[in-house]
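Scope of the values below: all heavy atoms of this structure, side chains included, with no hydrogens, waters or symmetry mates. Counting starts at 1 for both ligands and their atoms, following the listed order.
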Amino acid sequence: MPDVFANITSVPDDMLEIIANVLETRAAIPSQQEMLRDYLSEITFPENAEVLEVGCGTGPACRVMVDWPNVAKVVGVDPSPVLLTKARELSRDIAGIEFEEGDGKSLRFDDASFDVVIVHTILTHVPEPEAILAEAYRVLKPGGSLGLCDGDFSTATLQTGPNDPLEACTGAFVEGFVNDKWLVRRMSTLTQAAGFEVQPIRSYGLIETIAPGLTMSWVDRGADALLAQGRIGSELAEALKAEGRRRAETGSFFGYMAYAALIAVKPT
Ligand SMILES: C[S@@+](CC[C@H](N)C(=O)[O-])C[C@H]1O[C@@H](n2cnc3c(N)ncnc32)[C@H](O)[C@@H]1O
C-alpha cells in the first residue's frame, strides 16, 4: 500500500480530516513540544529571520516558530489544500505567518531566500527525500540553517510482549503511512550529500501509556488498513481497536517510537 502522505493530494477528505486531527494531537504531546523546542534552540536565527517550513501540514511547528526570538516571518508550504485550510484557520489571529500550496521538491522561491528551513517529520514520507534536501539547500542563504526531524519508524511498536496481536496494527500502519521506515538511519549522510555541514544527530523518543493519542491512532489506522486490504475481517478490526481501548483503560497500553533531529548549515 503506498504511503498516504506521499500521495496526499489524492487522499479523500474524510481521511484528511483524521490526518489533520492526528497532526494536531501529536503536536500537543509535551515530549513532542519539548523535542521541537530543543532542536530549534540549537539553530541560529539571525535578527528578522525569515523561516520556511517544508511540509507544514496543519502548521503546528510554524505556530511555534513565529514566536521564536529573532523570527520575523514564517512561511509554511504543503501540497495539501485541505491541510493548509486548517493551518490558516488555526493561525488566523497570528501575525507573521503565511501558508501556501507547493511541492518541497520544486519550490517557487528564489535561491538564497530564507535564513532557516525546517523539515519536520516529512522526509520519511516522501519518495526522493534527496530532492527535498536539494531544494532546502537552494532556497537557504549561505550560512543558513536546516532543521531536520523525523520519527525512526523502524522502532515503532505497540508490543507489550512476544506475539502481541496489536503489533499487526503497527506493521500495517507503517506500511500505509511511511515511505522509508529506515530513513532516520540515513539522515546524516543524505544531508551531507546535499552539501550541508551536518552537526551530530540528536535522539528523542515518544512513549504513550496513559491516554494514548498518537499511538492509539496507529491501532485504528493499522486495523483499518488491514481491513481495507482484505487481510482481516471487520470483526477482528473492531477487536483490535477494542483491545487498544482496553489497554488504555487498564493502564497497560504501550506505544513507542524513537525520533531524531539534526541541524545542518549551508556553507558560506
Ligand atoms: C507527517 S506530516 C507532518 C506535517 C507537519 N510538518 C507536522 O509536523 O505536523 C507530513 C507532511 O508532508 C507533506 N508532504 C507530502 N509530500 C510533500 C512534498 N512533496 N512536499 C512538501 N510536503 C509534502 C504532507 O502533506 C504532510 O502535511
Nearest non-hydrogen protein atom, atom 25 (O) of ligand 1
D78 OD1, 2.7 Å
Close-contact set for ligand 1 against H125 heavy atoms, below 4.0 Å:
1 (C)
Tell me if the aromatic rings of H120 and Y259 count as close, with their centers under 6.0 Å from one another.
no
Determine whether a donor-acceptor pair (N or O, by modelled atom type, separation under 3.5 Å) exists between the side chain of R63 and the backbone of S91.
no
Would you tell me whether D150 and T121 have side-chain atoms, one donor and one acceptor, within less than 3.5 Å of each other?
no
Between ligand 1 and A61, can you find any atom pair, the residue atom being a heavy atom, that is separated by under 4.0 Å?
no
Between R88 and E100, does at least one N-O distance fall below 4.0 Å, as a salt bridge requires?
no
Does a side chain donor of either E167 or T157 reach within less than 3.5 Å of an acceptor in the other side chain?
yes
Pairing of K241 and D220 as salt bridge, 4.0 angstrom limit:
no
Tell me, which protein residue and heavy-atom name are nearest atom 18 (C) of ligand 1, and how many Å apart are they?
D103 OD1, 3.6 Å
Around atom 20 (N) of ligand 1, find the nearest protein heavy atom and jot down its residue, atom name and distance.
G104 N, 2.8 Å
Taking atom types as modelled and ignoring hydrogens, do the side chains of D152 and S154 form a donor-acceptor contact shorter than 3.5 angstrom?
yes
Any donor-acceptor N/O pair, E208 side chain to G213 backbone, under 3.5 Å
yes
Counting only nitrogen or oxygen atoms and a 3.5 angstrom limit, does G55 reach ligand 1?
yes
Counting non-hydrogen protein atoms only, what is the nearest one to atom 10 (C) of ligand 1? Give residue, atom name and distance.
T121 O, 3.6 Å
For the pair R247 and E243, find out whether any cationic side-chain nitrogen is under 4.0 Å from an anionic carboxylate oxygen.
yes
May I ask which of I19, D150, L23, L36 has a heavy atom nearer to atom 2 (S) of ligand 1 than the others do?
L23
Contact atoms of ligand 1, heavy-atom distance to G57 under 4.0 Å
4 (C), 27 (O)
What atoms of ligand 1 come within less than 4.0 Å of a heavy atom belonging to P60?
9 (O)
Walk me through whether Y256 and T215 qualify under side-chain contact (heavy atoms from CB on, under 4.5 Å).
CA-CA 7 Å; Y256 172 79; T215 52; over 6 Å; no
Quick one: look up the protein heavy atom nearest atom 15 (C) of ligand 1 and list residue, atom name and how far away it is.
F5 O, 3.1 Å
Within the 4.0 Å heavy-atom cut-off, what L83 brings close to ligand 1 is side chain
Can A27 be said to touch ligand 1, with heavy atoms closer than 4.0 Å?
no
Quick one: nearest non-hydrogen protein atom to atom 23 (C) of ligand 1, plus distance?
P79 CD, 3.4 Å
Identity and separation of the nearest protein heavy atom to atom 16 (N) of ligand 1
V126 CG1, 3.3 Å
Per atom 9 (O) of ligand 1, closest listed option by heavy atom (E24, K105, E135, R26):
R26
